[in-house]
2 protein chains.
Amino acid sequence: MASRTKKEKENEVPSSPVSMADLARELGVSMTTISRALSDHHSIGPATKQRVLKLAKKLNYQPNHLAAALRKGKSKLLGVIVPYIEGRFFPSVVHGIETAASKAGFSVIMCQSNEDVAHERKSIDTLLSAQVAGILVSLSRTTSDFRHFEKVRKRGIPLVFFDRVLTDDYVNAVVLNDREGAYQSTLHLIEQGCRRIAHFAGPQHLNIYQNRRQGYIEALQSAGIPVDEELIAYFDMSQENGAEEMERLLALPSPPDAVFAAGDSSILGALQYLKNKGVRVPQDIALAGFSNEAFTSITEPMLTSVDQRCEEMGQASVRLFLELMETKGPAFSHRQVVLQPQLFIRESSLHGQAAPSASTPQEEENVQQVR
Amino acid sequence: MASRTKKEKENEVPSSPVSMADLARELGVSMTTISRALSDHHSIGPATKQRVLKLAKKLNYQPNHLAAALRKGKSKLLGVIVPYIEGRFFPSVVHGIETAASKAGFSVIMCQSNEDVAHERKSIDTLLSAQVAGILVSLSRTTSDFRHFEKVRKRGIPLVFFDRVLTDDYVNAVVLNDREGAYQSTLHLIEQGCRRIAHFAGPQHLNIYQNRRQGYIEALQSAGIPVDEELIAYFDMSQENGAEEMERLLALPSPPDAVFAAGDSSILGALQYLKNKGVRVPQDIALAGFSNEAFTSITEPMLTSVDQRCEEMGQASVRLFLELMETKGPAFSHRQVVLQPQLFIRESSLHGQAAPSASTPQEEENVQQVR
DNA sequence: TTGTACGCGTTATCAG
DNA sequence: CTGATAACGCGTACAA
């Protein structure tokens, strides 16, 4: 590529990138000197170091990370696999990840599994081939085992799961305390005077929905309210199905006076159905959702919801990855970070007359290290 | 499903990745043969090829893209720089980019400029150091010149801008026909019988807001309606400011009967203010926004808006990048792709009684090649 | 403090 | 059809 063959128009010809060898030749020193000057090594004369740096600036030298990574066996790339980049949650998490990673000198390679294990598998291979230093992943909906992550572990590459994790597995993970969020939200409804509280549960093979259901149940039990399975609806959390389920619940001999949903879309559907039918929210039925989607403060009434701390999750994932990098030994191979959710109380849940003293959630310790 | 049959054992030792040399040694052939078998070269015996492929599967061989890229001078990485990954627009575009890129065998490195030229500059350097095959970028708000993109051009790396572009520059770009979207939206309001149509314009140093204002003006002129600068508000398109501006407009001696906003948040603020004041939408004042944010179909009334075809924009950007890759010669260095927007007509703009025949936008040719 | 020489894993060139 | 060998750009023992 260095061959100076004269093409048509010289200015149109892309100039080959300048390498350390070029700098060395220009200054009449060895490549080692160049390398040391650029990497701020200790054994290097301040004078020559300045000469090198100056020329590097002048010639617009760009280090070749590929070559460096190949030589050192580790790159400055961080792989991220998410089901998709849409909605509010994943973009926010990725935002947090990219910000934190970039601050630590890592570039982020983004892959979408598209909720498909096959894609997930392929992404793993791609990232391994790209020689990433670590992989952060939120599982696809169709993932039911960890086999394709074995090679990551075998290669000793830090692997961190976030949000969507398979239960009962010894992996590094950053998750929201879904149980706690659901517990608080349900408790809040109880405090508002609700006694027949229905629950929109999601697909139970996902840990997040399982835990939210658990929190719901525990809150009821702690208040001495019996759990009525008739009031628990299992569906895919879509807006349409939320409306349908609301219809079914309303038709019950003894309809609920509140609904706690494991997702915001479903509770939105329910709200729209209720307004359509002239049922007052929150006077007749109180509503609370999960995720704190942007639209929760736009609806009328505004929707009470649990915030998932998306950005913190991204940051925490990167932090965990960096810690795993430090401890070379794979001794600590199953660390868990649990983030505390925030309940945002809005109009839709104010069934009782007394407005809560603090609508703004407490800003205390919201991160908790486990193990 | 915890498959921890063998726990803390030999699996704690990270096994070094298997290379082509390993395969060669194992089979007693040369590395050249391995390379040819894996890259599906023509000069290779079908028998040996199968032997190689089989062993590769067995030993779980992962090609090292870094080494290949170093050797070939070009990687399979595609750099993407966006201002940030939040809201609806950029995540959707990135979604489109990643999907299309992955289909073409490219991995995406994502950077956020954070609306800061300095970050943007740094991202450029990072991506160049990572030896990306191309760069897609949507400019930060604080970018006012192209100097930091010169080195990209100098290195002959395909550079594609999307959405946010500096005007009057000869670059490859994928943009929405903002003027046309604004024109159609304003025309629709005129057809609904509105005559005093206000406009929420954004910061005019950004091409997109400039063009939307232009489309608004042209629509008025084509209908013989004089442009009243008093009805054009310049602010940052936030929800709060939208409400404030609406207040100002209402207080005018001759208030508007419609508002076309260059952004959805601002029109949402206006809507909320109007409902608060008991002004009926769309009977008293018709509203139309821009961006087709998710909340536009949640508000009451639902908001008419112009869709920006986010995903198509991502796909088109990748397509343009791939085309530039093909044509090695930098002859065609300023290609423009203009996407046609879609007007989604919803309740907020139905000022006249006659509902339009087609609420669903026409699905005809929506991509148009220029030059 | 500086220089020499080799290797990281892959592909391209040139012989056989 | 196959094999030996040289590069790609950088880091690092080792020697000077």
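None of the values given here were measured: they were computed from a predicted structure. Protein chains get the first letters and strands the later ones, always in sequence-line order, with residue 1 at the start of each. The analysis underlying the following values was restricted to heavy atoms, covering all of them including side chains, and did not include hydrogens, waters or symmetry mates.
Pairing each heavy atom of B:Ala37 with each of B:Leu53, the nearest pair is O-CD2, 4.2 Å. A pairwise comparison of heavy atoms in A:Ala316 and A:Val174 identifies CB-CG1, 3.9 Å as the closest pair.
Here D:dA13 is the nucleotide among D:dA13, D:dC8, C:dC8 with the atom lying nearest to any side-chain atom of A:Arg36. The nucleotide whose nearest atom lies closest to any side-chain atom of B:Ala68 is, among C:dT2, C:dT11, C:dT13, C:dT11.
Atom CG of A:Leu38 and atom P of D:dG11 are 8 Å apart (whole Å). Rounded to whole Å, atom P of D:dC8 lies 19 Å from atom CD of A:Gln62. For A:Leu23 and D:dG11, the CG to P distance is 12 Å, given to the nearest whole Å. To the nearest angstrom, P of D:dG3 lies 14 Å from NE2 of B:His41. Across the protein-nucleic acid pair, A:Lys74 atom NZ and D:dG11 atom P stand 17 Å apart, rounded to whole Å. Remark: C1' of D:dT2 and NZ of B:Lys49 are 16 Å apart, rounded to the nearest angstrom. Between B:Gln131 atom CD and D:dC10 atom C1' there is a gap of 12 Å when expressed in whole angstrom units. Whole-Å rounding puts the B:Leu70 CG to D:dA7 P distance at 14 Å.
Using a 4.0 Å cut-off, some side-chain N or O of A:Thr33 falls inside it from OP1 or OP2 of C:dG3. The phosphate of D:dC10 has neither OP1 nor OP2 within less than 4.0 Å of any side-chain N or O from A:Ser35. Of the side-chain N and O atoms in B:Thr48, one or more sit less than 4.0 angstrom from OP1 or OP2 of D:dT2. For the OP1/OP2 pair of D:dC10 and a distance below 4.0 Å, the side-chain nitrogens and oxygens of A:Tyr61 include at least one atom meeting the criterion. Taking 4.0 angstrom as the limit, B:Ser30 places none of its side-chain polar atoms (N or O) nearer than this to OP1 or OP2 of D:dT2.
Counting non-hydrogen atoms under 4.0 angstrom, A:Ser19 reaches the backbone sugars and phosphates but no base. At the heavy-atom level, A:Met20 lies under 4.0 Å from the strands shown only through sugar-phosphate atoms. Across all strands, A:Ile34 comes closer than 4.0 Å to no nucleic acid atom at all (heavy-atom distances). Residue contacts shown for B:Pro17 are absent, as no nucleic acid heavy atom lies under 4.0 Å away.
The backbone N or O of B:Glu115 sits less than 3.5 Å from a side-chain atom of B:Thr142, completing a donor-acceptor pair. The main-chain N or O of A:Lys122 is never found under 3.5 Å from a side-chain atom of A:Asp125 such that the two would form a donor-acceptor pair. In this structure a side-chain-to-backbone donor-acceptor pair under 3.5 Å is present from A:Ser39 to A:Ser35. No donor-acceptor pair under 3.5 Å is formed between the side chain of B:Ser75 and the backbone N or O of B:Ala69.
Side chain B:Thr32 to base D:dA4: a donor-acceptor pair is found below 3.5 Å. Within 3.5 Å, a donor on the side chain of B:Arg71 pairs with an acceptor on the base of D:dA7, or the reverse.
Tested against A:Phe161 for a ring-ring contact (aromatic ring centres under 6.0 Å, His included), the candidates A:Phe321, A:Phe149, A:Tyr170 yield a single pass: A:Phe149. Just one of A:Val337, A:Val82, A:Val137 meets the side-chain contact (heavy atoms from CB on, under 4.5 Å) condition when paired with A:Phe162; it is A:Val82.
More than 12 heavy atoms of other residues, nucleotides or ligands sit less than 6.0 Å from atom NZ of B:Lys151.
Note that CD of B:Glu323 is 4.5 Å distant from CZ of B:Arg335, once rounded to the nearest 0.5 Å.
Rounded to 10°, the helix from C:dT1-D:dA16 to C:dG16-D:dC1 has 40° between the axis fitted to its first five pairs and the one fitted to its last five.
The stretch residues 50-60 of chain B does not touch DNA chain D, since none of its heavy atoms comes less than 4.0 Å from the strand.
Residues A:Asn64 and B:Gly45 each lie close to DNA chain D; by heavy-atom proximity, the contact nearer the 5' end of the strand is made by B:Gly45.
Proximity of B:Leu23 to B:Leu27: side-chain heavy atoms (C-beta onward) are nowhere separated by under 4.5 Å.
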